[in-house]
Amino acid sequence: MPQNKRESLIYTVIMCFFMVLWMSIYNVALQYGAFNWETVVTGWIGFPVAYLFAMCCDWFVVSRIVKGVAFRYLISPQDSPLKKMLCISGGMVVGMVFIMSLYGACEGAFHTGNWKEVPANWMINIPRNFIMALPVQFFLAGPLIRR
């Protein structure tokens with residue numbers, strides 16, 4: 001886990017890049033009903049704006065809330081690094097899934113013009129994104145990026 005603000009920023013930039021790209025491609029694949037080269041290209045095209053939005057939400061909103069709640073109620077400084085990582089990473093996934101699922105629902109409405117469907121699409125996106133984001137964070141992105 002990062003030990004200071006500089007390490008935290010570097011970790012956040014890399015983690016956010018990996019997770020937003022992965023989840024963008026995943027959501028496009030869900031939308032198209034298949035995973036192929038076209039889904040990768042479409043996910044990549046929408047990635048830059050989603051990445052900037054996610055970085056701002058991660059750095060300025062979610063991270064502060066999750067770390068505040070985690071260190072106040074769930075973990076203490078003397079707890080094991082594994083417990084700290086599980087609490088903070090799990091909390092970050094929950095917060096970012098809620099925000100980025102809304103972002104995805106709004107982006108879909110922007111392309112289709114059907115803004116009335118945003119709340120329903122948001123509620124549909126949350127569990128779909130959560131079941132992908134949590135394992136990817138714990139078993140793929142987290143271990144790779146922490147190295």
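These numbers come from a predicted model, not from an experiment.
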J.: V93 versus F138: any side-chain heavy-atom pair under 4.5 Å?
T.: no

J.: Spell out, as yes or no, whether a donor-acceptor pair under 3.5 Å connects the side chain of K84 to the backbone of P77.
T.: yes

J.: Is it true that atom CH2 of W59 has more than 12 heavy atoms of other residues, nucleotides or ligands lying nearer than 6.0 Å?
T.: yes

J.: Whether the side chain of N121 engages the backbone of V118 through a donor-acceptor N/O pair (distance < 3.5 Å, no angle test) should be reported.
T.: no

J.: Going through the distances and angles, do N129 and N27 end up as a side chain to side chain donor-acceptor pair (under 3.5 Å)?
T.: CA-CA 8 Å; N129 287 327; N27 279 289; 2.9 Å; yes

J.: How close do A133 and V97 get, heavy atom to heavy atom, and via which atoms?
T.: CB-CG2, 3.9 Å

J.: From S89 OG over to Q137 CD, what is the distance, rounded to the nearest 0.5 angstrom?
T.: 4.5 Å

J.: Looking at side-chain heavy atoms only, is the closest gap between S8 and K67 below 4.5 Å?
T.: yes

J.: List the atom of A50, the atom of M100, and the distance in Å for their closest heavy-atom pair.
T.: O-CE, 3.7 Å

J.: For M19 versus V136, what's the shortest heavy-atom pair and its separation?
T.: SD-CG1, 3.6 Å

J.: So how far is it from E107 CD to L102 CG, rounded to the nearest 0.5 Å?
T.: 11.5 Å

J.: Do Y26 and I124 belong together in a cluster built from hydrophobic side chains that touch within less than 4.5 Å?
T.: no

J.: Quick check on the hydrophobic clustering: are I25 and W44 connected, directly or via other members, by side-chain heavy-atom contacts under 4.5 Å?
T.: yes

J.: Once ring pair (Phe, Tyr, Trp, His ring centres under 6.0 Å) is applied, what residue pairs with a partner in residues 86-115 remain, sequence neighbours excluded?
T.: F53-Y103

J.: Is there side-chain contact between I88 and I75, with heavy atoms separated by less than 4.5 Å?
T.: yes

J.: Distance-only, no hydrogens or angles: does the Y51 side chain make a donor-acceptor pair with backbone N or O of V13 under 3.5 Å?
T.: yes

J.: Say you draw a straight line from CH2 of W22 to CG of L140; how long is it, rounded to the nearest 0.5 Å?
T.: 5.5 Å

J.: Indicate the atoms forming the closest heavy-atom contact of G43 with S24, along with that distance.
T.: O-CB, 3.9 Å

J.: In a check of side chain to side chain contact (heavy atoms under 4.5 Å, CB included) between C87 and each of L82, V66, L74, which one passes?
T.: L74

J.: I need the full list of salt bridge (Lys or Arg N to Asp or Glu O under 4.0 Å) pairs touching residues 34-60, with sequence neighbours left out, sorted by first then second residue.
T.: none

J.: With no hydrogens and no angle check, is any side-chain donor or acceptor of T39 less than 3.5 Å from a backbone partner on F35?
T.: no

J.: To the nearest 0.5 Å, what is the distance between OG (S101) and CZ (R128)?
T.: 10.5 Å

J.: Do V41 and Y32 sit in one hydrophobic cluster, given that two such residues count as connected whenever their side-chain heavy atoms are within less than 4.5 Å of each other, even indirectly?
T.: no

J.: Is it the case that one hydrophobic cluster holds both V28 and I45, taking links as side-chain heavy atoms less than 4.5 Å apart, direct or via other members?
T.: no

J.: Hey, are the side chains of R146 and P81 touching, using non-hydrogen atoms and a 4.5 Å cut-off?
T.: no

J.: Can you measure from CE (M15) to CE (M96) and round to the nearest 0.5 angstrom?
T.: 11.5 Å

J.: Kindly compute the distance separating SG (C56) from CD1 (I99), expressed to the nearest 0.5 Å.
T.: 11.0 Å

J.: So which heavy atom on E117 is nearest to which on N114, and how close?
T.: CG-ND2, 3.0 Å

